[in-house]
Structures are given as structure tokens and as C-alpha cells.
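Take a look at the structure below.
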Amino acid sequence: MTRGPTWFNITSLVVGFSFLYLPIVLLVIYSFNESRLVTVWGGFSTKWYASLLQNEQLLDAAWVTLRVAFVSASIATVFGTMAALVLVRSGRFLGRSFFSGMIFAPLVMPEVILGLSLLLLFVAIDQTRGFWTVMLAHTTFAMCYVAVVVQSRLVGFDKSIEEAAEDLGCPPVKTFFLITLPIILPGVIAGWMLAFTLSLDDLVIASFTTGPGATTLPMKIYSQVRLGVTPEINAVCTILVALVTVGVIAASIVTKRQQVQRERDERAAFGNDMT
Amino acid sequence: MAKKSIGPVRREFKPWESPDHEPFIEFRNVTKKFGEFVAVDNLSLKIYEREFFALLGGSGCGKTTLMRMLAGFETPTSGQIFLDGQDLAGIPPFRRPSNMMFQSYALFPHMSVEKNIAFGLKQDKLPASEIVARVAEMLRLTKLEQFGKRKPHQLSGGQRQRVALARSLAKRPKVLLLDEPLGALDRKLREETQFELMNLQEELEVTFLIVTHDQEEAMTVADRIAVMDKGTLVQVATPAEIYETPNSRFVADFIGDVNMIEAKVAEKSGMGTRLVSVADGFVIESEQETDAGVGDSVWYAIRPEKVRIVQGRGQDGVPNQINGLVWDIAYLGDVSIIHSKVGENDDDIIRATFANVSRMVEKPIMWEDEVVMSFDRDAGVILTG
């Protein structure tokens, strides 16, 4: 019995992947366009990447975006991990499901509403908008993503490992840093990376909460595109796509390697059981 | 190095028999409630220094809760716990002089075997050279020398168990608490490890408190056993006392195999007690005296291996002799357990152990054979509760 690909399968595959990736492929191709006109192919060139390095406005925006993403992801990771610990560990307490609902609500809340409410808050407390307000806003919505990721890691955690540490003379806070944190670290790092990525590409919330002097890269790209797309924008986007792709591939290779190594170790251990 | 027998030490060790001996661990009227559920019910217990003590019972009997209260992971609802004369109330787990070996082993997955063992010592801020020496000693004691650099997931179940043991012993605790320590091992390895535990306990002179649901394990390793049921102690005694003179039907049933015969007291004298079985009317004479009055219902508990069985038919009415019909035979290799029907009802069954001393028997006991079973005056016990 042969179960090779049928015409239907191949067609589905081609159509599906084209739908997903054709726009990105076009964007990458046109970033190497010689011509100034985005839609007309004028030969291969990397000159737009060179001119990108001269474009201080874009570079400034990129620098702001990276700073915002780094700081907000870090703070969100601390708070999100704490929230996950409380939700998994505290057992039942009054209002537990209320709190877990509150943590996850921002995941499904429309960004426009979140952005608007934050803007109103900053206006109400008369806070000048800029770098710090964008950073705070990003922390707010990234935190719940971190909580979800860390929580999934904590659910499978054997509580008696912490008890063992305390039993051996380690106070609770030290136990958290010596035992719990290293074990849940993959979840915490994944949470941080998710928060970082979310902050990098956020346009809506940043637009609501930013002020003069703190334009993020997505905002810059958006405003430039309204004036007309230049191949420089294509180049910036290509770099972003490349960064994200490399990151995702690296992460999956590391995970896969660990898994293979682990399986090999377990087989080895099984062999010398009676020694 | 030749192994020493621990027999001579064990034979002389009976601190619980002298009333002026100070207990090392004492539970005084300890109660623990989880909501409405009473896990431990007004329990008092004394455990002595260097004793190997087993808490034995089914799941939910409160044995693990009792141990966790000693370790400090649970707080008693009422009552006091003393360790070496010190009231443990309010002392957090990380300041208690006991260490625990967990059922799941609870090894630190991100640390090597050496680091796992050294963890407790580092918390005590011992000098590095001392830690290295202590870890090496523990690796040697548990025969893990070549695995020091491995991570827990690179070890087999038996090796992990030994790492957990080494880690809990490294600090030389006053008491080692073992929570179902051998539950995850296969039978052969478990039996070996039981003897290793006993030798280790003798060598280190530490008090061991083990929680188990496995009666064979408790009887093998322990100096004394506490049988628990529904949060209370049913009987606290040596393995032999628990097995030979259980104080209740629960203990007799829980430990080993037993024939439980319902009987009425027919006659009491200074020489013992005469019973008549309810099911079949056969007469039991026991040298044991009982509190029950003449005519009262009691239970006569007798172990299958104390019942002799031969083919044939005996005279009716002879004390401690029962005629029966072979109903079922369980051939276990070393022994056969023969179930014989002695009454009208299907559950009037007496079980007798038949040692298979020769490989071939000319006329083995077969199904539906007539058999006669007999036992001595001191073979069983009369139970009223």
C-alpha cells in the first residue's frame, strides 16, 4: 500500500504556504532592489542596507524599541513569575479564580482599549508621556503572557523538591533562588523572550502611550509607509525577519539537542542499573 | 572488608522495656485535622535513640502526616512533639535536626550527585575540605563512587534511591525520616536495600523512622512497628510480637495471612480457655486466658503455617483437630497453601501451609481429598476486638 502525496495534498501545501509566506518573500526580494520604485525590479543591490545605516531617524527608533523591549520584558518577567507562583502554589484561597481570571483578561482584551485606558490614566495623573510610559504599558500587557508560560512550567513541578531543600537546612527564600528558579528557568526565559518579541512589534499600545522623542520602530515604519514605501523600509523589515527567524531556529535546536541528550542519558542509565 | 552481623547488637537492644529510659522522640496527644478530616487522632508515641522504628498502615491511616509533622511540613492541630527533649513547636523545617528521604526522592535535577549530597552541608557553612570529605564518605557508603559527576536523570531508579539516601544522611541528622523509601524499586533490589539500610543504621548509630505500607518491609527492617489505622495506633510492638500476638483482628488481618475463626467461649480455667467454633462446632483449646466471659463471642486467629495438615479423617470432637475437604490449592513453589472447607458455608475455609520439602511426593494432597488439620494449644490467639 502506497501512501505518497496526492495532488490534493500538494496543492493544499502550496496554497497554504504561499498564503502565509509569499508577502514576506516579496518583501525580502524587493529589499535587494536597485530601483527606487518599490514595485519595479531594477536589478540586485544592497545599497538600501547601506543607506539604512545613514538613516538616523530609523536607527534612533530601533534603539528606543530595543530599550523599551529589554526593560519591559525584564520587569514583566519578574512580576509574571511572581503571579504564576502565587496562582500555582498558594492552593485555594478566597478569590483565587477571580485573580487568575484577572491575570489572563489582558490576553484577550482589545489592544485599542488597553492603550486608551493607559493613555487616560497617564493623562489623569499628569504623567508626561515618553519612554517610561511606553515601557510601563508594555510591561502591563507582557506580564500576563509571562505568567501563562511560567505557570505551565510550574504545574509539573514536584513540590517535595523544595521541601527537601528546606529539610536540608535551606530557608524558603534561598530555596527559591537555589532550587526553584533554576528548575523553572527555561519557562522564565521563554516568557522573557515572548515579552521581548511582543514589545518589539507592538504598534497600537505604543501609539497611545508614547510622547515626543520616544518613537518606536513599528511606529516609524507605519508613519513612513503612509508617506510612501521606500526600499529602506523593506531592508529594515528583512533584518527584523532574519533576527526573529534565527532566534526561533536557535531556540528549537537547543531544545531538540537537550531532548536527544536526555534520552541518550536515560538509556545509558538503564543499562547499568545493577552496578 | 568482611561484613559484621548486626544480630548481637539487635538482640540486646530493648530500651522500650525499661520505664526510666528517656524517649528520643515523643508525640504527646498529637491531633492533626485537615478541615473536617482527622488525619491523626490524639496520638501518643515514644521512640528511643538508635531505634529503627516503622510506621505501618494502609493509605490514609495518617502515617505520612505523622512523619511530616515531625519534619515540620505540617503543624499539629493540638498536642506536642519532642525531639531529644526539645519541643518542636514553632521550629521551621530548615532548623530541625532531622532529615528526610522523600518517596519521590526529590533530587535536585539541575545538580550533580555530588552537589546534591553537598547541598545540606553547604547550608551549614561547613569548610570546603570537610564537605568534600563528607561527600566522598557518603558516596562510598552508598556505593556511588563512580557516579558523583552524573546528574539525577543519568541514573537508574536504584541509584537515585541511593543518592536520596546519601543526601539525607550527609548532615548526620539525629533522626532520619524515610517516607516509603523503597516503593519504586523492584522486588529483588528492594530486599537487598532493606538489609543495606539496616547495616547503615547500625554503622551510623542514627535513629531511623520509616513510613511504609509494606508489612514485609516493616518486619524486616524495624526494631519496633507501630500499626496505624484511622489516625490512631492500633499496636506498637516488635515484629515478632505483632505477628505472633496481635492485639486485635485488624492487626492480625493486616500483618500476614491468618485464619479468623469465630467461636464462643465454652469454659475458662487457670489452665486456659476452651472455645467452640460457631461454624462447625469443633473444639479449640488454648492456653491463653481471656477477659471474655463464658458464652461470649470471640475470634480465634491462627496463622496458616501453624496448622499441620495430613490426608485422612480424624475422630470428631478431639480438641484442636479439624476435619476438612480440600477446596483449593495455591502452589507457590516453596510452600503450598491448602484451603479446606470445614463447614456448610462456602466461606468456612481453613488455610494451612504445607512445606514442599521433597520434590516429588508419591501421593500429594489433591483437590477434594479428605484432610485432617491440627494445631498446638499455643498456636493461635484469642481476640475480642
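Proteins get letters first, then strands, A, B, ... in listed order; numbering begins at 1 in each.
Heavy-atom contacts from other residues, nucleotides or ligands closer than 6.0 Å to CZ of B:Arg95 number 12 or fewer. Residue B:Phe195 places its CZ atom among 12 or fewer non-hydrogen atoms of other residues, nucleotides or ligands, all under 6.0 Å distant. Remark: A:Met109 CE is packed, more than 12 non-hydrogen atoms of other residues, nucleotides or ligands lying under 6.0 Å away. Enclosure of atom CE in B:Met111 by more than 12 non-hydrogen atoms of other residues, nucleotides or ligands within 6.0 angstrom is indicated. Within a 6.0 Å sphere centred on CZ of A:Phe70, other residues, nucleotides and ligands contribute 12 heavy atoms or fewer. In this structure, A:Phe99 places its CZ atom where only 12 or fewer heavy-atom neighbours from other residues, nucleotides or ligands lie under 6.0 Å away. Dense packing is recorded around CZ of A:Phe131, with more than 12 heavy atoms of other residues, nucleotides or ligands lying under 6.0 Å away.
If you measure heavy-atom distances from A:Lys159 to chain B, you find no contacts under 4.5 Å at all. Residue contact with chain B, scored on non-hydrogen atoms closer than 4.5 Å, involves the backbone and the side chain of A:Asp167 alike. Looking at A:Leu178, both its backbone and its side chain come within 4.5 Å of chain B, counting heavy atoms on both sides. With a threshold of 4.5 angstrom between heavy atoms, B:Leu107 approaches chain A through N, CA, C or O but not through any side-chain atom.
Put simply, of B:Lys122, B:Met101, B:Arg96, B:Lys171, the one with the most heavy-atom pairs under 4.5 Å next to chain A is B:Lys171.
Pairing each heavy atom of B:Phe94 with each of A:Pro172, the nearest pair is CE2-CD, 3.3 Å. Between B:Phe102 and A:Glu163 the shortest heavy-atom distance is CE2-OE1, 3.6 Å. When every heavy atom of A:Ser160 is checked against every heavy atom of B:Ser104, the shortest pair comes out as OG-OG, 2.9 Å.
Annotation: the span from A:Glu162 atom CD to B:Phe108 atom CZ amounts to 10.0 Å, rounded to 0.5 Å. Note that CG of A:Leu168 and CG of B:Asp124 are 9.5 Å apart. Values are rounded to the nearest 0.5 Å.
A:Gln151 pairs by the side-chain hydrogen bond (donor to acceptor under 3.5 Å, both in side chains) definition with nothing, not counting sequence neighbours.
Considering only heavy atoms from C-beta on, B:Gln123 comes within 4.5 Å of A:Lys174 through its side chain.
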